[in-house]
Amino acid sequence: MVWLSHDAYFWGDDWTFLLRKGTIPGEAIGTLMDPYNSHWSLAHGLTYRLLFEIFGMKTYVPWLIVLVAFHAVIVLSIHYILRRTGCPRSVALGTALAILVTGVAPEMVVWDAAMSHSGALALGFLALAVVVGTDARRAGLVVAAALLSVALMFSATGISVVVLTAVFVAAQHGLRRAALVAGPPIAMFVMWLVVWGREVSGVSRTFDGVADVPNYVFDGLTKVFGTAVGVPGVGPVVVVALMINLLTDRDSNPALRALAWSGLAAAVAQLVLEGVGRLQIGQIDDNPNRYAYFSLVLLSPALALGFARILRTTIEPRWLPLAGVSLALVGYSLHGVSLVREYSAGYTAVSRSWLDRFEGIIASADAGQRPLAQSYDDPVNGGITQELIASQAVRAVLPDGTPSPADRLGAEMMFNVGVGTQTYDLFNPAFVDLAFGWNREIKKLPGCQTYVATVPNPMLQIATMDGIEIGVTSVSTEVTTRLVRDDMVADGRIWNVPAGSIHIASTAKDAVLQVSFNAAGEYTICKQ
């Protein structure tokens, strides 16, 4: 798994912890105790901080090793817990392998930021393994409580493993021991919530549409199995079968039955929390792939319980159904590995492009090109600035590399092109070409001239020289910009603007700025 993604790089949520949580002097935003995406991410942030201090940002592999290690801990812990609760050896092994090679959420073994969730699950299942291994003796419960506390410091996903452990201990050893293992982490989490976690920016705190949460939970329980085997419609059938088995099985080990019920309770709790969280940000219809991983892991004891019953009721010769299940597991594994490889290839391509972009940003800054945007306006990769990336502190931790002309052009589109309602103080006699869709050629005169766009997508071109700006007044509400240099064309960037007067500028040197609009009609273009 590490080998599949060893060429990848950082992306998205990584920038917050790599660049904005104390690793770069003077760039810290808040502290590691502050919520990130509504999660307490202290342990997540400390893991990043440690790896950053040792490796900088020169390689992705150390973060990937930690991510895959958490996945391995989850798999090994589940296998150990199943065996200790009386699950047959072959069923425990098959269940563990099904999680190991699952393709329901490839990001959980490819994208390092997912360690906030896998870290919580790994420590939670490790805590349950300690409880089972020590037969819930006091020392084991204390160690498990400590592990659950750290799980909650990775993300709110830790709540589900607290529920898992508490329900299992209550069912097997009584409420007092359940309180001993779950009480300290819950108290600590509530304290954090009261002191640091109450203010969550960007969350509406609305409960309109709460009736959609049960549907979200049902979809979360059923889709995971359809995704796992590549047959979408099989999910509800599997869940119904698991529920029937849970309600009717009286012959399995009581500890295994308690574990299966505990996993189901934890899965439902996790999905309810997810549904309410998605409701707050207006995305309850969106169920990210990583949530399917949570459901598969938490429901794995119920799955093992079902297979154990099938194993008990199979007819002779016993090897025949085992051979059939083994072949099915091979097909399942190949499907899972294929999904991980496909996701890894896509993620590697996207993330490596950001390393190329960083090299281009540094080249742009070294060329003396003033940024026109304080930060890159991107909901996923936001918070990046030219000043930050070009700083000596960041340069020192990036891998050595030479930017290509295309890398620089892409970086210039991020920070060296601006479209807005205020001037950029770059007006000077501009070389403008009305390239497409106008009633006449542009007049080579200073000041402002009026033209008529005869098509709904007129385009003009501006020679940027050492920095340029024009003013445009029109009914257009969308502007698309592209930079061209030496026959290379950067990807377009779309700007939503109000109808009326806007300013269009660029500090990219010795290039051509192509500007397209989205409306026909009268345009006033000012070159000075």
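As the structure is a prediction and not an experimental result, all values here were calculated from the model.
- Counting only distance, with no hydrogens or angles, the side chain of S155 and the backbone of S116 share a donor-acceptor pair below 3.5 Å.
- Note that NE2 of H6 is 9.5 Å distant from CG of L4, once rounded to the nearest 0.5 Å.
- At a cut-off of 3.5 Å, with distance as the only test, no side-chain donor of S364 or E412 sits close to an acceptor on the other residue.
- D7 and T348 are not linked by any side-chain donor-acceptor pair at a separation below 3.5 angstrom, with hydrogens and angles left out of the test.
- Of all non-hydrogen atoms in L126 and V73, the two that sit nearest each other are CD1-CG1, 4.4 Å.
- For F70 and F125, the gap between ring centers reaches or exceeds 6.0 Å.
- Aromatic ring pairs are classed by plane angle as parallel below 30°, tilted from 30° to 60° and perpendicular above 60°; the pair Y9 and W15 is tilted.
- Considering only heavy atoms from C-beta on, M115 comes within 4.5 Å of T47 through its side chain.
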Chi angles and distances behind the side chain to side chain contact (heavy atoms under 4.5 Å, CB included) call for L242, F225: CA-CA 11 Å; L242 291 179; F225 297 108; 3.8 Å; yes

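- The closest side-chain heavy-atom distance from P498 to T477 is not below 4.5 Å.
- If you look at W111 and Y343, their ring centroids are not closer than 6.0 Å.
- To the nearest 0.5 Å, atoms CG (L152) and CG (L123) are separated by 10.0 Å.
- Shown here is R485, whose CZ atom has more than 12 heavy atoms of other residues, nucleotides or ligands within 6.0 Å.
- There is no side-chain donor-acceptor pair under 3.5 Å between D356 and S353.
- Of all heavy-atom pairs between L388 and V394, the closest is O-CG2, 3.2 Å.
- A distance-only check finds a donor-acceptor pair linking the side chain of S333 to the backbone of L329 [under 3.5 Å].
- Side-chain N/O atoms of S476 and N518 include a donor and acceptor closer than 3.5 Å.
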Does the pair E469 and T423 meet the rule for a side-chain hydrogen bond (donor to acceptor under 3.5 Å, both in side chains), with working shown? CA-CA 8 Å; E469 177 178 351; T423 182; 2.9 Å; yes

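- The structure places CG of L121 at 6.5 Å from OH of Y293, a figure rounded to the nearest 0.5 Å.
- Neither side chain, T464 nor S506, offers a donor N or O lying under 3.5 Å from an acceptor on the other.
- Aromatic ring pairs are classed by plane angle as parallel below 30°, tilted from 30° to 60° and perpendicular above 60°; the pair F17 and Y48 is tilted.
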Pair I504-Y424, side chain to side chain contact (heavy atoms under 4.5 Å, CB included): steps then yes or no: CA-CA 8 Å; I504 302 169; Y424 295 92; over 6 Å; no

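- Considering every non-hydrogen atom in both L271 and V217, the closest pair reads CD1-O, 3.4 Å.
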CA sep, side-chain torsions, deciding dist, call: S118, H71, side-chain hydrogen bond (donor to acceptor under 3.5 Å, both in side chains): CA-CA 6 Å; S118 61; H71 178 62; over 6 Å; no

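- Aromatic rings from F517 and W495 are positioned such that their centres are separated by 6.0 Å or more.
- A donor-acceptor pair is defined here as one N or O able to donate and one able to accept, closer than 3.5 Å; such a pair exists between the side chain of R395 and the backbone of A390.
- Between the side chains of R408 and Q369, at least one donor N or O sits under 3.5 Å from an acceptor N or O.
- Side-chain N or O atoms of K58 include one that pairs as donor or acceptor with a backbone N or O of L398 at under 3.5 Å.
- Applying the 6.0 Å contact sphere to CD of E342 captures no more than 12 heavy atoms from other residues, nucleotides or ligands.
- In terms of heavy atoms, A182 sits closest to V162 at CB-CG1, 4.1 Å.
- One distance of note links CE of M57 with CG of L355; it measures 8.0 Å at 0.5 Å rounding.
- The side-chain heavy atoms of L82 and L259, taken from C-beta on, include a pair separated by under 4.5 Å.
- A centroid separation of 6.0 Å or more is found between the aromatic rings of Y60 and W63.
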Which is it for N457 and S516 under the side-chain hydrogen bond (donor to acceptor under 3.5 Å, both in side chains) test, yes or no, and what are the steps along the way? CA-CA 6 Å; N457 57 335; S516 301; over 6 Å; no

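- Under the 3.5 Å distance criterion, the side-chain polar atoms of S404 are matched with a main-chain donor or acceptor of D407.
- Atom CG of N381 is separated from atom CH2 of W354 by 4.0 Å, given to the nearest 0.5 angstrom.
- For the pair I494/V479, no side-chain contact is recorded, criterion being any heavy-atom separation below 4.5 Å from C-beta on.
- For the pair S344 (side chain) and V340 (backbone), a donor-acceptor distance under 3.5 Å is absent.
- Between the side chain of D14 and the backbone N or O of W11 there is at least one donor-acceptor pair closer than 3.5 Å.
- Counting only distance, with no hydrogens or angles, the side chain of W40 and the backbone of W192 share no donor-acceptor pair below 3.5 Å.
- Salt bridge annotation for E53-R49: absent, with no cationic side-chain nitrogen under 4.0 angstrom from a carboxylate oxygen.
- No side-chain N or O of Q514 forms a donor-acceptor pair with one of T481 less than 3.5 Å apart.
- Contact annotation: the side chain of V497 approaches that of V419 to within less than 4.5 Å [non-hydrogen atoms, C-beta and beyond].
- Between the side chain of S160 and the backbone N or O of Q270 there is no donor-acceptor pair closer than 3.5 Å.
- Side-chain contact between V515 and L513: present, with at least one pair of heavy atoms (C-beta onward) separated by less than 4.5 Å.
- By the 4.5 Å heavy-atom criterion applied to side chains, V417 and L372 are not counted as neighbours.
- Closest approach of L221 to A267, counting heavy atoms only: CD2-CB, 4.1 Å.
- In terms of heavy-atom proximity, D34 sits nearest to W196 at OD1-CD1, 4.0 Å.
- Interatomic distance, CG of L298 versus CD1 of I78, reported as 8.0 Å (0.5 Å rounding).
- Two rings, from F294 and H117, have their centers less than 6.0 Å apart.
- A donor-acceptor pair under 3.5 Å is formed between the side chain of N416 and the backbone N or O of R370.
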One pair to check against side chain to side chain contact (heavy atoms under 4.5 Å, CB included): V272 and Y216. What are the steps and the verdict? CA-CA 8 Å; V272 169; Y216 184 91; over 6 Å; no

Between L426 and T507, does the side chain to side chain contact (heavy atoms under 4.5 Å, CB included) criterion hold? Intermediate values first, please. CA-CA 8 Å; L426 289 169; T507 52; 3.7 Å; yes

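- In this structure, the side chains of K21 and T16 come closer than 4.5 Å at one or more pairs of heavy atoms.
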